Amino acid sequence: MSTENTSIRLGDEYDDVLKATLVAVLTSRGAVGAGSSWGVGGSQELDTARVKLGGAVITIESETYMGLMIEGPRSIVEALAQEVSEYLRSG
């Protein structure tokens with residue numbers, strides 16, 4: 001398993017279906033919350049959450065104009081992004 005970190009933009013930060021899908025995927029994989037924060041700077045809103053998945057920490061960021069991002073070990077983040085995408089395609 002690769003230990004190199006990467007970040008993937010899943011979509012728009014205001015996409016509630018996307019957010020719910022990511023939560024469902026993380027929950028189905030047994031992810032456990034590891035902290036969160038929220039802040040506003042000017043017109044930017046940043047909501048950050050961290051989850052533990054196996055032995056890895058995955059960071060989820062929702063930022064105005066930037067979108068919904070996940071960051072962590074490349075192999076895990078890529079697998080999560082793929083699973084979210086497949087879930088959304090299947091309806």
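Please read these numbers as outputs of a predicted model, since none were measured by experiment. Residue numbers run from 1 in the order of the sequence given.
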Side-chain donor-acceptor contacts of residues 79-91 below 3.5 Å, not counting sequence neighbours, with atom names and distances?
{"from": "Q82", "atom 1": "NE2", "to": "E86", "atom 2": "OE2", "distance (Å)": "2.7"}
{"from": "E83", "atom 1": "OE1", "to": "R29", "atom 2": "NE", "distance (Å)": "2.8"}
{"from": "E83", "atom 1": "OE1", "to": "R29", "atom 2": "NH2", "distance (Å)": "3.2"}
{"from": "S85", "atom 1": "OG", "to": "R89", "atom 2": "NH1", "distance (Å)": "2.9"}
{"from": "S90", "atom 1": "OG", "to": "E86", "atom 2": "O", "distance (Å)": "3.4"}
{"from": "S90", "atom 1": "OG", "to": "Y87", "atom 2": "O", "distance (Å)": "2.9"}

If a pair satisfies salt bridge (charged side-chain N to carboxylate O under 4.0 Å, His left out) and one of its residues is in residues 15-26, list it, with sequence neighbours excluded. none
Which atoms form the tightest heavy-atom contact between I58 and P73, and what is the distance? CD1-CD, 3.9 Å
Using every non-hydrogen atom in the two residues, find where V77 and G72 come nearest and quote the distance to one decimal. CG2-N, 3.2 Å
Mind listing the side-chain donor-acceptor pairs of residues 36-50 below 3.5 Å, one per line with the distance, residues two or more places apart or on another chain?
{"from": "W38", "atom 1": "NE1", "to": "E45", "atom 2": "OE2", "distance (Å)": "2.7"}
{"from": "Q44", "atom 1": "NE2", "to": "E63", "atom 2": "OE2", "distance (Å)": "3.1"}
{"from": "Q44", "atom 1": "NE2", "to": "T64", "atom 2": "O", "distance (Å)": "3.0"}

Under the salt bridge (charged side-chain N to carboxylate O under 4.0 Å, His left out) rule, what pairs show up with a residue in residues 31-44, not counting sequence neighbours? none
D12: which residues meet the side-chain hydrogen bond (donor to acceptor under 3.5 Å, both in side chains) condition with it, sequence neighbours left out? R9, Y14
Measuring from atom OG1 of T6 to atom CD of E71, what distance do you get when rounded to the nearest 0.5 angstrom? 8.0 Å
Would you please test I70 and T59 for side chain to side chain contact (heavy atoms under 4.5 Å, CB included) and show each step? CA-CA 6 Å; I70 55 175; T59 302; over 6 Å; no
Distance-minimising heavy-atom pair for A34 and K52: CB-CG, 4.0 Å
If you compare all heavy atoms of M69 against all heavy atoms of S7, which two are closest, and at what distance to 0.1 Å? CE-OG, 3.2 Å
Joint cluster assignment, V57 & L26, ILVMFWY side-chain distance < 4.5 Å: no
Any chain of hydrophobic side-chain contacts (each under 4.5 Å) joining V17 to L10? yes
Minimum heavy-atom distance between A56 and I76, given as atom pair plus value: CB-CD1, 3.5 Å
